[in-house]
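Below is one structure, written out as structure tokens; comments come after it.
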Protein chains: 2
Amino acid sequence: MASELNLKAIDLGQTASTSDVIYDALRDAIIRGEMQEGETIRQESVAKLFNVSRIPVREALKRLEAQGLVTSVRYKGVVVSSISPREIEEIFEFRVLVESKLIEYAVESMTEQSLELAKSYCDAFAKETNPEKWGDLNRLFHSALYQDSGRPYYLEVIRGTNDRVERYVRAQLDLTEGMTRARRDHEIILDACFKRDVRRAADLTADHIHSAGQALIRFLQDRSR
Amino acid sequence: MASELNLKAIDLGQTASTSDVIYDALRDAIIRGEMQEGETIRQESVAKLFNVSRIPVREALKRLEAQGLVTSVRYKGVVVSSISPREIEEIFEFRVLVESKLIEYAVESMTEQSLELAKSYCDAFAKETNPEKWGDLNRLFHSALYQDSGRPYYLEVIRGTNDRVERYVRAQLDLTEGMTRARRDHEIILDACFKRDVRRAADLTADHIHSAGQALIRFLQDRSR
DNA sequence: ATATGTCATATTGGATCCAATATACTATAA
DNA sequence: TTATAGTATATTGGATCCAATATGACATAT
């Protein structure tokens with residue numbers, strides 16, 4: 001019957017299991033900083049929240065653990081991973097290495113479409129007044145820039161890397177200097193991309209990430225005193 | 001009681017859950033190439049193998065999926081991930097970028113102990129006649145070299161990266177030219193490390209990985225014709 | 001012979017139950 | 001008062017059961 005065929009076609013899109021949904025929700029809450037680092041995640045409370053059993057929750061937690069977003073201790077529970085200033089510094093150093101390379105590859109083959117998309121995120125980022133959304137737009141902008149690199153593995157790695165420090169990036173953007181600097185950086189990076197200046201785009205990206213990292217480290221040091 | 005205290009002290013070391021054991025075993029089988037890519041992994045058969053229920057098996061599979069070693073389709077099952085020559089090429093390119101950087105950091109602060117350890121693996125690798133063990137010793141050698149880099153995150157990423165292509169590295173070593181070239185490369189890299197020649201160690205490492213990747217690509221192309 | 005529909009079987013996804021362990025609280029002895 | 005043993009409770013880890021879906025065999029119509 002035609003109607004059944006129609007339904008089946010729609011169903012093809014619905015490939016997300018309960019464990020997938022829970023994984024996405026927890027990941028989102030963690031990288032947005034809605035859950036504090038060190039906070040323990042109880043299987044039962046998550047299960048109740050989604051009206052499911054603990055089984056899909058546990059599977060989601062295993063995935064988060066494999067990604068390093070939570071840390072699990074047998075018979076005690078999982079906690080949102082905490083991360084030392086030293087590790088943050090290392091991760092930003094890693095980002096400089098990989099993302100500046102990524103943008104090199106990307107600029108060479110960037111389509112007009114991606115450029116325009118990046119520009120729209122860049123503009124929205126600059127105009128946005130709600131700090132909650134700065135992180136989203138920041139991430140979308142960078143993601144759009146790297147999209148045409150033709151390097152899916154790099155992208156996969158960088159996604160995991162950014163997940164680890166996303167909460168701190170957001171905190172850093174909330175500093176007044178953080179946001180003003182990011183706005184300016186994004187505009188000149190985008191300009192270099194439009195001009196197909198590979199070297200400049202890579203160098204600016206390296207500076208952009210490096211300086212954000214340094215500002216973040218300073219911020220964390222100040223706060224701990 | 002003393003005896004119970006003793007037992008408890010020993011138990012502290014036993015932090016591995018059933019799911020951990022199964023994860024390790026499956027990961028090992030996959031990276032060694034004992035399971036063919038595309039081969040489906042049945043939960044029940046793994047469970048029977050370890051005399052456990054499917055629950056810990058499923059959790060182990062979720063972790064392998066998060067790492068990209070298996071691919072899962074809802075209600076159908078998981079299969080050992082296959083990887084295209086293009087992706088292999090990309091991953092070797094990524095390894096060149098990250099591992100040459102890693103060895104730079106490592107050489108600067110490498111202890112005598114790590115140098116000697118690397119040397120022992122290098123020697124054992126050169127003398128080993130059993131192809132089964134080449135892969136292990138190759139990995140141990142590189143791992144020893146990077147150990148003192150003081151970059152745990154880089155190491156974590158590279159571990160995941162190498163897991164993805166390990167089966168192919170082993171296949172490549174099995175080629176006569178693969179093993180002879182690797183032997184020679186290892187010795188000159190180690191020599192540069194002993195001499196604290198950072199630049200040379202990094203360049204040689206880049207060449208080593210790059211050439212292995214190229215040889216592998218050629219091998220795969222030949223085989224597919 | 002081919003295509004389509006129906007049913008039986010296998011397999012995965014999720015829920016519920018039980019076991020193992022940790023933690024907090026209480027009682028007791030020194 | 002403090003330290004220790006014991007007990008109750010909470011929580012995780014694993015086993016078993018049921019539901020949802022896929023796959024393949026078989027029958028039937030064209």
Side-chain angles (χ1 to χ4, degrees), chain A residues 1-26 30 35 38-66 69-81, chain B residues 1-26 30 35 38-66 69-81:
Chain A
M1 259 170 271
S3 63
E4 287 192 3
L5 272 176
N6 231 337
L7 275 178
K8 217 156 207 173
I10 291 169
D11 277 0
L12 285 181
Q14 182 245 332
T15 54
S17 66
T18 307
S19 129
D20 291 333
V21 173
I22 292 173
Y23 167 80
D24 286 340
L26 288 178
I30 292 172
M35 310 188 75
E39 185 177 340
T40 84
I41 302 177
R42 295 276 160 236
Q43 298 175 5
E44 187 62 41
S45 55
V46 177
K48 272 196 185 125
L49 210 61
F50 288 88
N51 278 313
V52 295
S53 78
R54 281 163 44 226
I55 296 290
V57 176
R58 280 159 60 173
E59 291 176 356
L61 290 175
K62 286 290 175 194
R63 288 171 61 185
L64 290 168
E65 191 189 359
L69 292 182
V70 304
T71 307
S72 138
V73 179
R74 198 153 128 93
Y75 291 120
K76 290 188 66 177
V78 309
V79 299
V80 179
S81 296
Chain B
M1 258 168 275
S3 63
E4 286 194 2
L5 273 177
N6 231 338
L7 274 177
K8 219 156 207 175
I10 291 168
D11 278 359
L12 285 181
Q14 180 244 332
T15 55
S17 66
T18 308
S19 130
D20 291 333
V21 173
I22 292 172
Y23 167 80
D24 286 340
L26 288 178
I30 292 171
M35 311 189 74
E39 184 176 342
T40 84
I41 303 177
R42 294 278 160 232
Q43 298 174 6
E44 187 62 40
S45 54
V46 178
K48 270 195 184 125
L49 210 62
F50 288 87
N51 279 313
V52 294
S53 78
R54 280 162 46 226
I55 297 289
V57 176
R58 280 159 61 173
E59 291 177 354
L61 290 175
K62 286 290 175 195
R63 290 170 59 185
L64 291 168
E65 191 189 0
L69 292 183
V70 305
T71 308
S72 137
V73 179
R74 198 154 129 90
Y75 292 119
K76 290 188 68 177
V78 309
V79 299
V80 178
S81 296

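Within every chain, numbering begins at 1; the chains are lettered A, B, ... in the order of the sequence lines, protein sequences first and strands thereafter.
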So B/Leu26 and B/Leu69, do their side chains get closer than 4.5 Å, heavy atoms only?
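Sidechains of B/Leu26 and B/Leu69: no contact.
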For residues B/Glu44 and B/Lys48, determine if any side-chain heavy atom of one lies less than 4.5 Å from a side-chain heavy atom of the other.
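Yes - at least one pair of side-chain heavy atoms lies under 4.5 Å apart.
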Within the structure shown, what part of the strands sits under 4.0 Å from [X] by heavy-atom distance: base, sugar-phosphate, or nothing?
X: B/Leu61; result: nothing
X: A/Ile41; result: sugar-phosphate
X: B/Arg58; result: base

Return the value, rounded to whole Å, for the distance between atom [atom1] of [X] and atom [atom2] of [N].
X: B/Phe50; N: D/dG13; atom1: CZ; atom2: C1'; value: 17 Å
X: B/Glu44; N: C/dG13; atom1: CD; atom2: C1'; value: 14 Å
X: A/Arg74; N: C/dA19; atom1: CZ; atom2: C1'; value: 12 Å
X: B/Lys48; N: D/dT16; atom1: NZ; atom2: C1'; value: 15 Å
X: A/Ile22; N: C/dA15; atom1: CD1; atom2: C1'; value: 13 Å
X: A/Glu59; N: C/dG14; atom1: CD; atom2: P; value: 7 Å
X: A/Tyr75; N: D/dT12; atom1: OH; atom2: P; value: 12 Å
X: A/Ile55; N: D/dT12; atom1: CD1; atom2: C1'; value: 11 Å

B/Arg63 and B/Asp20 ion-paired at < 4.0 Å
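Salt bridge between B/Arg63 and B/Asp20, a charged N being under 4.0 Å from a carboxylate O: yes.
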Of all heavy-atom pairs between A/Arg42 and A/Lys76, which one has the smallest distance, and what is that distance?
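Distance-wise, the nearest heavy atoms are NH1-O, 3.3 Å.
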Report yes if a side-chain nitrogen or oxygen of [X] is closer than 4.0 Å to either non-bridging phosphate oxygen (OP1 or OP2) of [N]; otherwise report no.
X: A/Lys76; N: C/dT23; value: yes
X: B/Ser17; N: D/dG13; value: no
X: A/Gln43; N: D/dG13; value: yes
X: B/Arg42; N: C/dT12; value: yes

Between A/Leu64 and A/Ile41, does the side chain to side chain contact (heavy atoms under 4.5 Å, CB included) criterion hold? Intermediate values first, please.
CA-CA 12 Å; A/Leu64 290 168; A/Ile41 302 177; 5.5 Å; no
Answer yes or no: side-chain N or O of A/Arg54 and base N or O of C/dG14 forming a donor-acceptor pair under 3.5 Å.
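Result: no qualifying N/O pair found.
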